[in-house]
Structures are given as structure tokens and as C-alpha cells.
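In what follows, a structure is listed as C-alpha cells, so that the remarks can point back to it.
For the numbers below, each heavy atom of this structure counts, side chains included, while hydrogens, waters and symmetry mates do not. All figures in this text were calculated on a predicted structure; none of them were measured in a lab. Order of the sequence lines fixes the chain letters, A, B, ..., with proteins taken first and strands second; residue numbering starts at 1 for each chain.
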Amino acid sequence: MAAVELPDGEVVEAQDMTGLELAQAQGVDAVAMVADGQLCDVRDRLPATGRIRLVTAEDPLALEVLRHSAAHVLAHAVRRLFPDVKLAIGPAIRDGFYYDFEFPEPPRSEDLERIEQEMGKIVKEDLPIERVELPKAEAVELLRRGGEVYKQELLDDLQQREISFYKQGEFIDLCRGPHILSTGGVRHFKLMDLAGAYWRGDAERTMLTRIYGTVFPSREGLKEHLRRLEEARRRDHRVLGPQLELFSINNEDIGAGLVLWHPKGARVRQELEDFWVREHYRHGYQLVRSPHIGRARLWERSGHLEFYREGMYSPLNVEGQEFYLKPMNCPFHIDIYNSRTHSWRELPVRYAELGTVYRYERSGVLHGLLRVRGFTQDDAHIICRPDQVEEEIRSTLRFALHMLRTAGFSEFAVYLSTRPAKFVGEPERWDLATEALRRAVQAEEMRYEVKEGDGAFYGPKIDIDVADSLGRAWQLTTIQFDFNLPERFDMSYTGEDGHLHRPYMIHRALYGALERFVGILIEHYGGAFPPWLAPVQAVVLPVTEEQIPYSEAVAAQLTAEGVRAEAWGRAGKTLRWLIRQAQLQKVPYMLVVGPREAEEGKVALRLRTGEDLGPQEVEEIAARIEQAARSRTAEL
RNA sequence: GCCGGCGUAGCUCAGCAGGCAGAGCAGCGGUUUCGUAAACCGCAGGUCGGAGGUUCAAGUCCUCCCGCCGGCUCCA
């Protein structure tokens with residue numbers, strides 16, 4: 001007997017029937033069921049024992065099923081309009097679904113509308129979605145007749161004897177399921193985009209056309225989703241960057257993926273860097289600096305030319321010698337370490353550098369500040385003894401969280417990546433390092449997830465993702481062991497025993513890259529930086545032209561007290577206009593001065609939040625801003 | 001790199017099927033002297049991303065290049 005939980009919580013016993021039959025008997029509108037946490041088709045037979053849950057369309061778990069069915073409706077519509085398309089795959093994804101097709105003629109973006117309309121018809125027709133099981137030989141024959149070369153390839157990989165298809169009206173598709181019961185359930189959908197996608201993600205193979213869409217059980221769900229997309233668009237750092245005069249990047253003369261930091265963006269970055277430098281000194285790091293280029297032999301020795309050449313800029317030739325722009329800082333730091341011998345007593349050595357590197361990224365993957373070709377890593381290399389490894393990882397984790405929390409993030413996800421199939425170094429070292437990583441996260445009481453075999457070929461690692469204000473995850477911190485470079489550069493220290501030993505080396509970046517980090521911060525804060533990062537902290541706004549001299553005096557006084565303040569008064573500009581400008585520039589503090597304030601030597605404080613705090617002494621306001629900046633809170 | 005979309009004034013965009021390059025904002029000049037998200041009037045501003053080509057005529061059509069945007073296994 002299987003115990004089946006109904007959506008209202010009631011549990012009934014059932015056997016020898018399908019989930020669908022039970023649902024119909026119970027008058028339940030089930031679209032899927034969950035057995036052992038696995039989503040499965042409600043058309044399946046109930047298992048003999050175990051606990052099953054029937055899921056309705058409203059259940060969040062059903063969303064995946066709905067999306068997958070929507071992908072079929074999309075394929076159905078495309079097949080009707082373009083009978084010669086070949087179908088590839090059409091899964092549910094995080095925000096919706098897609099389907100990959102091979103079109104005889106690539107469709108144009110205008111075709112999306114037609115396809116959407118046809119999908120609407122199929123939904124209205126409310127075609128029952130049925131499952132058809134075929135013996136493998138028949139399945140092969142069916143796909144062969146239809147000329148479905150991609151589906152045939154998928155079928156070749158399947159081991160089962162019975163192959164499932166799903167059929168709705170005249171449309172049939174090889175599919176694992178599960179699916180909702182009829183096309184009528186796919187009401188609130190929208191096609192989002194058209195894109196190219198290689199078959200199986202392989203650039204060597206055919207370029208297919210991918211159509212993206214999204215679908216929700218309710219109109220409100222769809223509207224809310226579109227609203228969130230709009231909100232993300234409003235916070236897009238590529239839009240806010242130029243608007244807030246932070247940076248520019250689309251300059252044909254300079255080159256793709258190369259960033260110009262304008263004064264305000266440079267100020268934000270400078271504040272971050274100042275903080276970063278101070279904290280690194282406080283945490284026992286030594287700062288070093290290294291050049292932007294190095295001779296070919298350096299990169300030969302490091303192995304970069306052998307394994308990372310794709311990612312490097314072409315060499316420069318100077319006086320018959322080849323130089324490369326650095327894609328990483330590590331070889332330089334190692335060279336500093338190797339410039340003399342080291343005793344076991346002086347480890348750990350921690351070298352840190354805001355090191356600007358250049359990497360060749362394929363033109364199509366560049367994206368604002370988030371993916372660029374020239375960027376500054378907040379890099380460091382920790383060189384230590386085996387007995388120090390665990391404590392180094394622990395303190396680095398604490399340090400990372402401190403840096404991320406200060407920047408305004410409070411939700412983290414930690415991932416531990418272990419040894420991959422192809423690796424260098426001794427397994428014993430891998431084990432020690434991996435265990436040290438594991439014990440360190442446990443000791444810090446951080447929840448973490450293991451990504452088995454996902455480490456780099458040269459060592460295991462821990463990555464930290466943060467969630468921003470819209471709940472999006474960004475990978476920032478990475479802490480990686482390296483068993484490759486210490487060998488290649490023959491790094492050593494003299495142990496207590498008087499012999500030379502190979503040290504452990506850990507690469508780590510906390511923010512990742514300054515460019516990317518600032519991009520993420522812009523989106524996280526929607527451009528409204530906390531006082532310590534705001535490029536302009538306060539603007540003084542005169543009510544009439546009469547108060548311009550006074551407003552300038554106030555700004556000068558604040559500047560003298562260390563506040564980033566500007567006087568914005570201009571002939572002919574009303575207070576309303578000035579406030580609007582300040583709001584658009586997201587300046588945290590607006591200091592209004594009219595005749596009354598000028599008379600009393602005060603200013604009226606208005607916050608970016610719209611709050612009006614009335615007249616105050618200038619010193620009072622300076623103290624307030626300094627306090628907010630010093631504490632690095634987001635509070636104004 | 002590849003597929004699709006795009007590039008018109010500093011910014012946002014209009015310019016339909018080739019036929020004299022437009023608007024709003026910003027800028028500049030003036031008027032207004034104004035109390036918490038856009039006062040009013042005027043002026044100036046463009047090798048239509050670049051280079052070729054088709055045409056009597058190209059912002060518009062074709063080719064190449066540059067740059068930007070969405071995407072390129074979240075696997076039936």
C-alpha cells in the first residue's frame with residue numbers, strides 16, 4: 001500500500017492504480033506527484049509502498065512540470081508554422097523554459113510574435129497530453145521517419161527498452177516527462193528571446209536556434225516575474241554606470257572589455273581599495289607590487305603558455321625578446337618569495353596585491369564590468385607549512401566574510417570543490433588540503449555544499465557566493481590550493497629539521513576583481529551607495545540665487561571636515577530641480593539652504609530616502625556623515 | 001569565435017515603402033528669485049559607428065570591419 005498525501009494534507013492509501021486515477025477518484029486536480037522527493041508523472045502507476053504526494057498546478061514544485069509542458073507547446077507551435085524544423089531539446093530552466101530547433105531558414109525576431117500566437121491557439125485547443133511508450137526499435141523508426149536527427153542522437157544514449165513519448169494533438173515528442181495533463185494549463189506564458197546555441201554546447205557542432213520563454217500558473221505570477229525583470233533592468237550597472245558618471249566601457253578607440261573609471265567611479269573604487277589595503281595590513285598581509293608584463297620564459301616556467309595560452313594576449317616584441325601581459329599575478333609573487341631562502345619560523349608568508357591582469361575573453365562573452373578583459377584582482381598568495389594550513393584557511397574564511405559583510409552582503413553560500421579526475425600533485429597533499437578546507441568551514445560553522453571533482457587541476461578550493469538585494473547569486477571569494485606552481489618554481493623553506501621542504505601555497509581573492517565587484521555593488525545598491533562609498537556624500541542646495549555664496553561656504557566647511565560635499569546652486573535652477581538632480585544622482589545627504597538657514601547659519605537636512613529632518617548645525621551634519629562613513633553602514 | 005538583435009546630437013529616441021536629418025532632456029544665452037523629484041523663452045549642436053559598393057539619389061539596399069545587447073548543455 002502506498003500512502004498518498006493529497007494537496008489538502010489528507011492521506012489516503014492506494015494501490016494498483018495510477019496517480020491520475022487516484023486523483024480523479026479523489027476529485028483532485030493533480031498535475032504531478034512527488035515520490036522520494038522525485039517529481040514524477042501523475043500518469044505513472046503508484047509504487048507498491050512508500051509515501052507519495054499529489055501536486056496541483058498551484059504547488060511551486062509543479063512549476064517545473066508546467067515549464068516543461070510549455071516547451072512542448074512552443075515546439076508544437078513552431079512545428080505548425082515551420083514544418084521542416086528539426087527538434088533538439090526543450091527543458092525547463094530556472095526562470096522558464098527553452099526549446100532548441102534547427103530551422104531551415106533562421107527565424108527572425110519578428111517570428112516570435114507569430115509563434116506566440118500559435119501557442120495561444122494550442123493552449124485554447126486544450127489538447128490532452130498523453131504518454132506513449134514504445135519499444136526502442138519502434139522509437140528509432142519513428143524518429144528516423146521524422147528526420148529527427150537530434151532526437152535520434154539522444155535516443156542512442158538511452159538504455160531503457162521502453163521509450164516514452166508525449167503526444168498532444170498531431171504533435172509527438174521524445175520526452176522523459178513528466179507533463180501536465182493538457183495544453184490548456186499553459187495559459188500565462190510569454191516568449192522572451194531568440195538566441196543561438198550550439199548542439200550540446202559544442203562550438204564544433206551545429207548552431208541551433210534557441211527560443212526562450214517563461215510561464216506561470218497565474219497571471220499575477222507572470223506579471224510579478226516581468227516586474228522583477230524590469231527591476232533588474234533598472235538596476236543594471238551598465239545603465240547606472242554612465243548615468244551616475246561612474247565608468248564607461250563602450251569606447252571603440254580603447255577596445256572591448258577595457259574600463260575607463262570616471263572620477264566618481266574611481267572614488268568608489270578608491271574607497272574600497274583603501275579599506276582593502278588597511279584590512280590586509282591588519283590581517284597580517286604584506287603588500288607587494290608587480291609589473292604588467294613579463295618575459296616569455298616566466299610564463300613558460302609557470303606553465304601558463306602551455307595551459308593558459310588561449311586566455312592570454314599575444315606577445316609584445318621588444319629588442320628581440322617576447323613579453324606577455326600578465327593574466328595572473330602568481331608567478332611574480334612566487335619570484336618575490338624565491339628571491340631568498342625562508343625559515344620555517346617566518347611562515348606563513350602572505351603576499352597581497354591589487355594586481356591588474358589582462359585576459360583574452362571571447363568577444364561574445366564580454367558583459368559590462370562583470371566580464372572584462374583588463375581587471376584588477378584583489379589577489380593574495382599564502383605560503384605556509386602543513387601544520388598551518390587549517391588555521392590559514394579558517395582565518396581567510398573569517399576575513400572574507402568580514403570584507404563581504406562590510407560591503408553590504410549578508411547571505412552566503414559556500415562550496416567546497418574536491419579533486420578532479422585530471423590533477424597534478426601528490427594525492428596525500430590533496431587529502432590534507434581538502435580536509436583542512438572541510439574542517440575550516442565546519443569550524444567556522446558555515447553551511448557548505450561539496451562539489452565533488454570540481455576543483456582545479458592544481459588544487460581543491462572553496463568558493464563563496466553572495467546573494468544580492470534581488471536574491472541573485474554572485475561568486476566572489478575563492479580560496480584555492482596550488483600544488484602545481486610550488487613544484488614548477490621549486491619553492492621551499494628550511495624546516496626545523498634543517499632540510500628543505502615544499503610549502504603549501506594558497507591563492508585567494510576575496511572580492512574577486514574590483515571591476516566586477518563594483519558592478520555587483522552598483523546592482524546590489526541600485527546605484528544608491530552607502531555613505532562610505534558614495535562618490536558624493538552631500539550636496540548643498542540653495543533655495544534661491546541669494547544663498548549660492550552661503551551654500552558654497554557650507555560645502556567648503558564640510559569638505560574641510562572630510563566630507564565629500566559639493567554646492568550645486570546655479571542661477572535659474574529651482575530647488576525642486578536641484579533635488580531631482582540629487583535624487584537621480586542618488587546623493588545620500590541633501591542640504592537645503594534658504595533665507596532662514598542662511599540667516600541662522602544652519603542647513604535643512606533631507607535624506608535620499610525623502611525624509612526631511614529640518615534645520616541643523618553644519619557641524620552636527622558633518623559629524624553625522626562622518627559617523628555613517630566610519631561605521632560603513634548603509635544607514636544614513 | 002558563432003547565432004539573433006542593434007548602432008541617428010552628450011543622453012533617450014523618431015525618421016513609414018531610398019527623395020532637403022527631427023523631438024525631448026542635457027549644454028549655452030536670456031527672463032523668472034522660486035522651500036523638498038523637471039519654471040519659461042531663445043540659440044547652438046550630427047562625416048546617421050567606420051570603409052567600400054548598388055543607384056540620378058543611401059540614415060534607409062548590399063559586402064566587409066568596429067562596438068554594444070541577448071545567448072552558446074540548467075541536457076529526452
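- Aromatic ring centres of Phe216(A) and His188(A) lie farther apart than the 6.0 Å criterion allows.
- Rounded to an integer number of Å, the gap from CZ of Arg371(A) to C1' of C69(B) is 16 Å.
- Among the atoms of the strands shown, none is found under 4.0 Å from any heavy atom of Glu310(A).
- In this structure, Tyr550(A) atom OH and U33(B) atom P are separated by 24 Å, rounded to whole Å.
- Within the nucleic acid shown, Gly90(A) has no heavy atom closer than 4.0 Å to any nucleic acid atom.
- The separation of A26(B) from C41(B), taken at their P atoms, amounts to 13 Å, rounded to a whole angstrom.
- Residue Tyr99(A) contributes atom OH, which lies 18 Å from atom C1' of C72(B) at whole-angstrom precision.
- Geometrically, Lys451(A) engages Tyr415(A) in a cation-pi contact, judged by NZ or CZ lying under 6.0 Å from the ring centre and within 45° of the ring axis.
- Taking the P atoms as reference points, G50(B) lies 16 Å from A21(B), given to the whole Å.
- Nearest-nucleotide assignment on RNA chain B puts the 5′-proximal partner with Lys573(A), out of Gly257(A) and Lys573(A).
- Residues of residues 196-210 of chain A that place a heavy atom closer than 4.0 Å to RNA chain B, in numerical order, are Gly196(A), Ala197(A), Tyr198(A), Arg200(A), Gly201(A), Met207(A), Arg210(A).
- At a cut-off of 3.5 Å, with distance as the only test, no side-chain donor of His262(A) or Glu245(A) sits close to an acceptor on the other residue.
- A9(B): no Watson-Crick or G-U partner with both key distances under 3.5 Å is found in any strand.
- Here C74(B) presents its C1' atom at 12 Å from CG of Asp100(A), a figure rounded to the nearest Å.
- With respect to the salt-bridge test (charged N to carboxylate O, under 4.0 angstrom), the residues Glu231(A) and Arg228(A) do not qualify.
- Residues of residues 65-77 of chain A that place a heavy atom closer than 4.0 Å to RNA chain B do not occur.
- A cation-pi arrangement is present between Arg210(A) and Tyr98(A) under the rule of less than 6.0 angstrom and at most 45 degrees off the ring axis.
- Base pairing of G29(B): its partner is C41(B), meeting the Watson-Crick or G-U wobble criterion (both donor-acceptor distances under 3.5 Å).
- At whole-Å resolution of the value, CD1 in Ile548(A) and P in C34(B) are 14 Å apart.
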